[in-house]
A.B. asks: 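Supplied in C-alpha cells, the structure appears directly below.
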Amino acid sequence: MNLFVFGLGFTGRHFAERARPRFGTVHATVTDPAAADRVAAETGFAMRAFGPEADDPRIAADLADTDVLLVSAPPGEAGDPVLARYADAVAASRIRWIGYLSTIGVYGDRGGAWIDETTPANPRSARSKVRLDAEAAWLALGAETGKAVQVFRLSGIYGPGRNPIVKLREGRSQRIVKAGQVFNRIHVDDIATTLLASVDRPRPGAIYNVTDDEPAAPQTVTEHAAALTGLPLPPEIDFETADLSPMARSFYGENKRVRNRLIRDELGVALAYPTYREGLAALKNQP
C-alpha cells in the first residue's frame, strides 16, 4: 500500500511517521518548494510542493498509485484546494480510504453543553464554515465514487514541541481566565491511533470526534503544567483585557464539551492520553 498526505504539518507528519512501516511509499506535500528537499531528507518521504504558488506536476501520477489518502491541507476562501485541482485524479485512482481532517469548531458555541457526532453542525466563524463546506464536498466525492471518505473533527491538538510546557519554557504562556470556559484537547499520537484504526475499519461517510475525555479550563491546564515542571506560573489575565490575536480570541467565543464515544465503540480506540494530565506527564522531559 502507498500513502499520500496533502499537508505535512504537525498532525500529518506525525501520522505519516507513525504509519510509515505499513506503506511502501509515502508521498506528501508542503506549501514551500524550498522546504520540500529538507523535509524529504528528514523523513525519507517523497515530497511535493502544493500551495497557492506551487503545484508539483508529479502529484497526479502519485495519486494514481495511492491507496490511502490523508487530507490535512486547510481550505481557503475559495474552498478546498485539493478538490479544486485533483478531484478527477482522486476519483480515477485506486484510493480505497480517504481521511479528511476537520475541526470541532464546526459545531459552534454550545454554552458548555456536551455534544457528540449526532449534534448538528452550527459553525460561527468563517474558518469553521469553510471547513464544514469542505467536509461536505469530500463526503459527496465519496458518495459519487464509492470511495470510503471519513471526516475527523479534531479538538485542540498538542504533542511533542507543541504544548503548554513548551510555552512555559519559552515564556510565551498566558494564563487567561474566562468564567465557565472549557476546551477539549487531543494528543497528536492519539490522532494517529484513531486514523490507523479507521484505515483498518473504513466506513464510508463516517464522521468522528477525535478528542480526549476531559474538557478543562485553559488556565487549569497551564497551572498543571507549571506544577508538573516547577516552571514559573504566569499571572492570571482576564479574557476581556487579554492581548490576543483575532484568531485566538475567536476560540474563546465557543464553549462546549465534546464526547468521543464513537471512536471507542466503533474503531476500538483506547486513548493513550485520555486527559491533559497523562499527556503532559509524557511530555515533561521532552524538548
A.B. asks: Check whether any side-chain heavy atom of Val90 lies under 4.5 Å from a side-chain heavy atom of Leu63, and answer yes or no.
C.D. replies: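 Val90 reaches Leu63 side chain to side chain.
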A.B. asks: Should Leu280 and Val221 be marked as a side chain to side chain contact (heavy atoms under 4.5 Å, CB included) after you check the CA-CA gap, both sets of side-chain angles, and the distance that decides it?
C.D. replies: CA-CA 9 Å; Leu280 293 180; Val221 179; 4.0 Å; yes
A.B. asks: What residues form a salt bridge (Lys or Arg N to Asp or Glu O under 4.0 Å) with Arg153, not counting sequence neighbours?
C.D. replies: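 Checked Arg153 against salt bridge (Lys or Arg N to Asp or Glu O under 4.0 Å); matches are Glu135.
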A.B. asks: Would you say Ile98 ends up clustered with Met1 if hydrophobic residues are merged whenever their side chains have heavy atoms under 4.5 Å apart, either directly or through other cluster members?
C.D. replies: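 No, Met1 and Ile98 fall in different hydrophobic clusters.
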A.B. asks: Counting distance only, does the side-chain N/O of Arg201 pair as donor-acceptor with the main-chain N or O of Glu266 below 3.5 Å?
C.D. replies: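 Between the backbone of Glu266 and the side chain of Arg201 there is a qualifying donor-acceptor contact (under 3.5 Å).
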A.B. asks: Write out all pairs satisfying side chain to side chain donor-acceptor pair (under 3.5 Å) with one or both partners inside residues 216-232, taking only residues at least two apart or from two chains.
C.D. replies: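 For residues 216-232, and leaving out neighbouring residues, the side chain to side chain donor-acceptor pair (under 3.5 Å) pairs sorted by first residue read Arg175-Glu223.
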A.B. asks: So which heavy atom on Val26 is nearest to which on Ala16, and how close?
C.D. replies: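 Answer, listing the atom of Val26 first, then Ala16: CG1-CB, 4.3 Å.
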A.B. asks: Verify side chain to side chain contact (heavy atoms under 4.5 Å, CB included) between Val151 and Trp138, making sure each step is shown before the conclusion.
C.D. replies: CA-CA 8 Å; Val151 169; Trp138 277 104; 5.6 Å; no
A.B. asks: Under 3.5 Å, side chain of Arg249 to main-chain N/O of Phe239, donor-acceptor pair present?
C.D. replies: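 Such a contact is found between Arg249 side chain and Phe239 backbone.
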A.B. asks: I'd like to know if Asp65 and Arg94 make a salt bridge, using a cut-off of under 4.0 Å between side-chain N and carboxylate O.
C.D. replies: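 Yes, this pair counts.
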A.B. asks: Would you confirm whether Arg185, through its side chain, and Glu214, through its main-chain N or O, come within 3.5 Å as a donor-acceptor pair?
C.D. replies: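 Absent.
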A.B. asks: Verify whether one side chain among Thr103 and Arg127 offers a donor that lies under 3.5 Å from an acceptor in the other.
C.D. replies: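 Side-chain D/A pair, Thr103 to Arg127: absent.
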A.B. asks: Can you measure from OG1 (Thr25) to CZ (Phe45) and round to the nearest 0.5 angstrom?
C.D. replies: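 Atom-to-atom, Thr25:OG1 and Phe45:CZ are 11.5 Å apart.
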A.B. asks: Name the orientation class of the two ring planes belonging to Tyr252 and Phe183 (parallel below 30°, tilted from 30 to 60°, perpendicular beyond 60°).
C.D. replies: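 The rings of Tyr252 and Phe183 stand perpendicular, inter-plane angle above 60°.
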A.B. asks: Just verifying a value: how many Å separate Thr119 OG1 and Lys256 NZ, rounded to the nearest 0.5 Å?
C.D. replies: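 One finds 10.5 Å between OG1 of Thr119 and NZ of Lys256.
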A.B. asks: To the nearest 0.5 Å, how far apart are OG in Ser245 and CZ in Phe251?
C.D. replies: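 Going from the OG atom of Ser245 to the CZ atom of Phe251 covers 8.0 Å.
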A.B. asks: What distance separates Ile95 CD1 from Asp67 CG, expressed to the nearest 0.5 Å?
C.D. replies: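 Atom-to-atom, Ile95:CD1 and Asp67:CG are 8.5 Å apart.
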A.B. asks: Count the heavy atoms belonging to other residues, nucleotides or ligands that lie under 6.0 Å from CD of Glu170, then report whether that count exceeds 12.
C.D. replies: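 Atom CD in Glu170 is crowded, with more than 12 foreign heavy atoms closer than 6.0 Å.
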A.B. asks: Would you say Ser128's side chain and Arg124's backbone share a donor-acceptor pair under 3.5 angstrom?
C.D. replies: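 Flag not set: sc Ser128 to bb Arg124 has no pair under 3.5 Å.
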A.B. asks: With distance as the sole test, does Thr66 use its side chain to make a donor-acceptor pair with the main-chain N or O of Leu3 at under 3.5 Å?
C.D. replies: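 It does not hold such a pair.
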A.B. asks: Quick one, Leu139 and Ile207 - any side-chain contact, counting heavy atoms below 4.5 Å?
C.D. replies: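 In short, these two side chains touch, coming nearer than 4.5 Å.
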A.B. asks: Does the pair His14 and Asp189 meet the rule for a side-chain hydrogen bond (donor to acceptor under 3.5 Å, both in side chains), with working shown?
C.D. replies: CA-CA 7 Å; His14 192 91; Asp189 200 47; 3.1 Å; yes
A.B. asks: For a side chain to side chain contact (heavy atoms under 4.5 Å, CB included) check, start with the C-alpha distance between Gln181 and Ile176, then their side-chain angles and the critical distance, and finish with the verdict.
C.D. replies: CA-CA 10 Å; Gln181 184 75 47; Ile176 297 170; over 6 Å; no
A.B. asks: State whether the side chain of Asn163 and the backbone N or O of Tyr158 hold a donor-acceptor pair below 3.5 Å, judged by distance alone.
C.D. replies: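 It does not hold such a pair.
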A.B. asks: Please say yes or no: joined through hydrophobic side-chain contacts below 4.5 Å, possibly via intermediate residues, are Leu267 and Ile191 part of one cluster?
C.D. replies: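 Linked, Leu267 and Ile191 end up in one cluster.
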A.B. asks: Report the distance from atom CZ of Arg110 to atom CZ of Arg257, rounding to the nearest 0.5 Å.
C.D. replies: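 Output value for this atom pair is 14.5 Å.
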A.B. asks: Donor-acceptor pair, distance only, cut-off 3.5 Å: does the side chain of Thr241 make one with the backbone of Asp238?
C.D. replies: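 Looks like yes, one N/O pair under 3.5 Å.
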A.B. asks: When you group the ILVMFWY residues by side-chain heavy-atom contacts below 4.5 Å and let the links chain together, are Leu101 and Phe6 in the same group?
C.D. replies: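 Shared cluster, no.
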A.B. asks: Please indicate whether Lys178 has more than 12 foreign heavy atoms, meaning atoms of other residues, nucleotides or ligands, lying under 6.0 Å from its NZ.
C.D. replies: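 It does: Lys178 NZ has more than 12 such atoms within range.
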A.B. asks: Can you find a pair of side-chain heavy atoms, one from Thr43 and one from Glu17, that are under 4.5 Å apart?
C.D. replies: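 They are in side-chain contact.
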A.B. asks: Could you pull out the closest heavy-atom pair between Leu271 and Asp213, with the gap in Å?
C.D. replies: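 Taking every non-hydrogen atom into account, CD1-OD1, 3.8 Å.
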A.B. asks: Is it true that Tyr208 and Val269 fall in one hydrophobic cluster, defined by side-chain heavy atoms closer than 4.5 Å?
C.D. replies: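 Cluster IDs for Tyr208 and Val269 match.
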A.B. asks: For the side chain of Ser198 and the backbone of Leu195, is there at least one donor-acceptor N/O pair under 3.5 Å apart?
C.D. replies: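 It does not hold such a pair.
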A.B. asks: Where is the tightest heavy-atom contact between Leu168 and Pro232, given as atom of each residue plus distance?
C.D. replies: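 So the minimum-distance heavy-atom pair works out to CD2-O, 3.6 Å.
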A.B. asks: Do Val5 and Val30 sit in one hydrophobic cluster, given that two such residues count as connected whenever their side-chain heavy atoms are within less than 4.5 Å of each other, even indirectly?
C.D. replies: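 Yes, it is one cluster - the side chains of Val5 and Val30 are joined through contacts under 4.5 Å.
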A.B. asks: Side chain to side chain contact (heavy atoms under 4.5 Å, CB included), that's the test. Do His187 and Leu283 meet it? Break it down for me.
C.D. replies: CA-CA 10 Å; His187 192 289; Leu283 294 165; 4.1 Å; yes
A.B. asks: Let me see the working for Asp62 and Tyr86 under side-chain hydrogen bond (donor to acceptor under 3.5 Å, both in side chains), right down to the final yes or no.
C.D. replies: CA-CA 11 Å; Asp62 296 337; Tyr86 293 107; over 6 Å; no
A.B. asks: Without swapping roles, check the side chain of Asn184 against the backbone of Val258 for a donor-acceptor pair under 3.5 Å.
C.D. replies: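 At least one qualifying donor-acceptor pair exists.
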A.B. asks: Does Arg13 reach the main-chain N or O of Val39 with its side chain, forming a donor-acceptor pair under 3.5 Å?
C.D. replies: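 No, because the side chain of Arg13 does not come within donor-acceptor range (under 3.5 Å) of the backbone of Val39.
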A.B. asks: Whether Asp116 and Arg261 form a salt bridge (side-chain N of Lys/Arg under 4.0 Å from carboxylate O of Asp/Glu) is what I want to check.
C.D. replies: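 Salt bridge absent between Arg261 and Asp116.
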A.B. asks: Could you give the distance from CZ (Arg48) to CD1 (Ile59), rounded to the nearest 0.5 Å?
C.D. replies: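 Result: 8.0 Å between the selected atoms.
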A.B. asks: Taking the side chain as everything from C-beta on, heavy atoms only, tell me whether Thr193 gets closer than 4.5 Å to Ile263.
C.D. replies: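 They are not in side-chain contact.
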A.B. asks: Is it true that, when you exclude Asp88 itself, more than 12 heavy atoms of the residues, nucleotides or ligands shown sit nearer than 6.0 Å to its CG?
C.D. replies: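 For Asp88, atom CG is not crowded (no more than 12 foreign heavy atoms under 6.0 Å).
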A.B. asks: When you compare the side chain of Arg169 with that of Leu231, does any pair of heavy atoms fall below 4.5 Å?
C.D. replies: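 Leu231 reaches Arg169 side chain to side chain.
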A.B. asks: Tell me the closest heavy-atom pair linking Val68 and Trp97, and the distance in Å.
C.D. replies: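 Minimum heavy-atom contact is CG1-CE3, 3.4 Å.
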A.B. asks: For the residue pair Phe4 and His27, categorise the inter-ring angle as parallel (less than 30°), tilted (30 to 60°) or perpendicular (more than 60°).
C.D. replies: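 Ring orientation, 0 to 90° scale: parallel.
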A.B. asks: Any side-chain heavy-atom pair from Arg131 and Pro75 closer than 4.5 angstrom?
C.D. replies: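 SC-SC contact between Arg131 and Pro75 confirmed.
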A.B. asks: Show the nearest heavy-atom pair for residues Pro202 and Ala148, with the distance to one decimal.
C.D. replies: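 Closest pair (atom of Pro202, atom of Ala148, distance): CB-CB, 3.9 Å.
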A.B. asks: Might you point out which heavy atoms bring Pro160 and Val188 nearest each other, and give the distance in Å?
C.D. replies: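 Closest approach of Pro160 to Val188, heavy atoms only: CD-CG1, 4.0 Å.
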